[in-house]
Amino acid sequence: MNKMSSLRKTLSLFLVLGLTTVFFAGCGGEKTADSSNEIKIGINYELSGKVASYGQSSVDGILMAFEEINAAGGVLNKTIKPVQADNKSDPAEATSIATRLATQDKVVAILGPATSGAFKATIPVAIKNKVPVLSASTTDDAVTVDEKGVKEYAFKICFNDSFQGTLMANFAIKNLNAKSAVILADNASDYAKGLAKNFRETFTNGGGKIVGEEGYVAGEQDFNAVLTKIKGLDFDVIFIPGYYEEVGLIIKQARDLEIDKPVLGADGFDSPDLVDLAGKKALNKVYFSNHYSSLDKDPDVISFIENYKKKNGKEPNAFNALGYDLGYFIADAIKRADSTDPVKIKEALAATSNFKGVTGSFSIDDNHNAVKTAVVIELKDGEQASAVKVSP
């Protein structure tokens, strides 16, 4: 398996490895899909709506990777052509877009959506049309496998919620010496439910006690009632498995109520909007699991950060990095498949071993999940103050 750093070096060689063979079909001389000088890859992300921050950040990373790959000569003597669409943070729209990309645009693979619910909605389309779908951030354990088995055409390059929930429970016990915890979770979110379940089980199995569990509904803005109830409890940490839109407001209102206990969360915290919503002063003693940290001193990470800042004028977040890795990951699979046939690309994706990305090295397991490390990030005044890598 070629690593990302070697992929960059070898992609340029494709310009001199041979001429593109063009096949014509029919008397009109129309090109077949495989004879095109372009490789069309679908991008089905949340560019507006509730979680647009995740989607736009992911796409920025993907497009940066594709630009670099194309500048180095493309893949298989072909240029990657992204075919983009906004699913508006809506699973039904994501399904419709996936159908159009697979049947009308004839893409060889579809990247996205960013969130688990929307991504799962597109998988039946992928299976029906035999086009692989990939996501960099869908952490729900049931994304790629369920009671029926592995979903043949679905892949992800992030760790599972079960890993994140377990990781943060162990962090609370071992690093923060927590003996008691409160869980405040989105009642309707599969993401929140999965994280809460694994945090609860690991924390209690480790000798801790869950002294309270409360819920909220996505879209709420006033959390004072539930936070006042929580304030009356005796606890060491509060675990909030949720997305930045609600989490930012929850943390701000909790600090306003003088709840100063450590706040723990997962990768849903990672958005520049979190600081805007919570305010820098509220974001102290905040810890969350994530895929990547800008504090990482790996040379590939440093290079990525420098190039991203040069291109976009700002520091990349984890979703930028995940999107970037996803772009290189699909290009690497096409190269290893030595084909633009979606079925062969799917087989190459499943066979991935030791791919090196800026979010860490990983292999794809039998359930089409990435086996990789995570980091636990500490915020001080809204800034990343420390990052600890944790292996599965």
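Values below: all heavy atoms of this structure, side chains included; hydrogens, waters and symmetry mates excluded.
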Practice item. Applying salt bridge (charged side-chain N to carboxylate O under 4.0 Å, His left out) between Glu213 and each of Lys193, Lys229, Arg200, report the one that passes. Key: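 Exactly one candidate clears the test, Arg200.
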When you look at [atom1] of [X], are more than 12 heavy atoms from neighbouring residues, nucleotides or ligands closer to it than 6.0 Å?
X	atom1	result
Asp366	CG	no
Lys179	NZ	no
Lys88	NZ	no

If you round to the nearest 0.5 Å, how far is [atom2] of [Y] from [atom1] of [X]?
X	Y	atom1	atom2	answer
Asn312	Ser57	CG	OG	9.5 Å
Ser339	Leu76	OG	CG	8.0 Å
Glu378	Asn175	CD	CG	10.5 Å
Leu134	Asn44	CG	CG	12.0 Å

Going by the salt bridge (charged side-chain N to carboxylate O under 4.0 Å, His left out) test, which pairs reach into [range], not counting sequence neighbours?
range	result
residues 287-299	Asp296-Lys389, Asp298-Lys356
residues 303-315	Glu67-Lys311, Lys309-Glu315
residues 51-63	none

Under a 3.5 Å cutoff, is there a donor and acceptor pairing between the side chains of [X] and [Y]?
X	Y	answer
Asn198	Ser162	no
Thr144	Asn367	no
Tyr45	Gln84	no

Review point. Between Tyr216 and Phe223, what is the ring plane arrangement, given parallel below 30°, perpendicular above 60°, and tilted in between?
Key: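 If you compare the ring of Tyr216 with that of Phe223, the planes turn out perpendicular.
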Exercise for review: Would you check, one step at a time, whether the test salt bridge (charged side-chain N to carboxylate O under 4.0 Å, His left out) holds for Asp105 with Lys40?
Suggested key: CA-CA 8 Å; Asp105 295 307; Lys40 291 196 289 186; 5.1 Å; no
So does [X] pair up with [Y], basic N to acidic O under 4.0 Å?
X	Y	answer
Asp161	Lys197	no
Glu38	Lys78	no
Lys130	Glu152	no

Exercise for review: Scan for ring-ring contact (aromatic ring centres under 6.0 Å, His included) pairs involving residues 259-281, sequence neighbours excluded, and state none if there are none.
Suggested key: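 For residues 259-281: Phe269-Phe288.
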Check your understanding: Looking at Thr373, Leu167, Thr166, which one forms a side chain to side chain contact (heavy atoms under 4.5 Å, CB included) with Val390?
Key ->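 Considering Thr373, Leu167, Thr166, a side chain to side chain contact (heavy atoms under 4.5 Å, CB included) with Val390 is found only for Leu167.
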Point to revise | Result of checking Val131, Val133, Ile127 against Asn129 for side chain to side chain contact (heavy atoms under 4.5 Å, CB included) | key: Val131
Please check this pair: side chain of [X] against backbone of [Y], looking for a donor-acceptor N/O pair closer than 3.5 Å.
X	Y	value
Lys285	Asp260	yes
Thr359	Tyr292	no
Ser361	Gly357	no

Review point. Transitive ILVMFWY cluster of Val145 at side-chain heavy atoms under 4.5 Å: who else is in it?
Key: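 Cluster partners of Val145: Val150.
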Review point. Run the side chain to side chain donor-acceptor pair (under 3.5 Å) check on Thr138 and Ser116 step by step: do they pass?
Key: CA-CA 4 Å; Thr138 50; Ser116 298; 5.0 Å; no
Exercise for review: Enumerate the residue pairs fulfilling side-chain hydrogen bond (donor to acceptor under 3.5 Å, both in side chains) with a member in residues 272-281, sequence neighbours excluded, ordered by first and then second residue.
Suggested key: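 Of all non-adjacent pairs touching residues 272-281, none passes side-chain hydrogen bond (donor to acceptor under 3.5 Å, both in side chains).
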Point to revise | Partner of His291 by ring-ring contact (aromatic ring centres under 6.0 Å, His included), out of Tyr324, Phe163, Phe159, Tyr54 | key: Phe159
Exercise for review: Give the intermediate values and the outcome of salt bridge (charged side-chain N to carboxylate O under 4.0 Å, His left out) for residues Lys346 and Asp341.
Suggested key: CA-CA 9 Å; Lys346 178 261 298 184; Asp341 178 353; over 6 Å; no
Point to revise | Any Ile259 side-chain heavy atom under 4.5 Å of Phe235 side chain | key: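 Counting from C-beta outward, Ile259 and Phe235 do come under 4.5 Å.
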Review point. Hey, are the side chains of Leu111 and Ile41 touching, using non-hydrogen atoms and a 4.5 Å cut-off?
Key: yes
Check your understanding: Which heavy atom of Leu257 sits nearest a heavy atom of Lys231, and at what distance?
Key -> O-NZ, 2.8 Å
Point to revise | Shortest non-hydrogen contact between Ile345 and Pro132, atoms and distance | key: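 Reported closest heavy-atom pair: CG2-CG, 4.3 Å.
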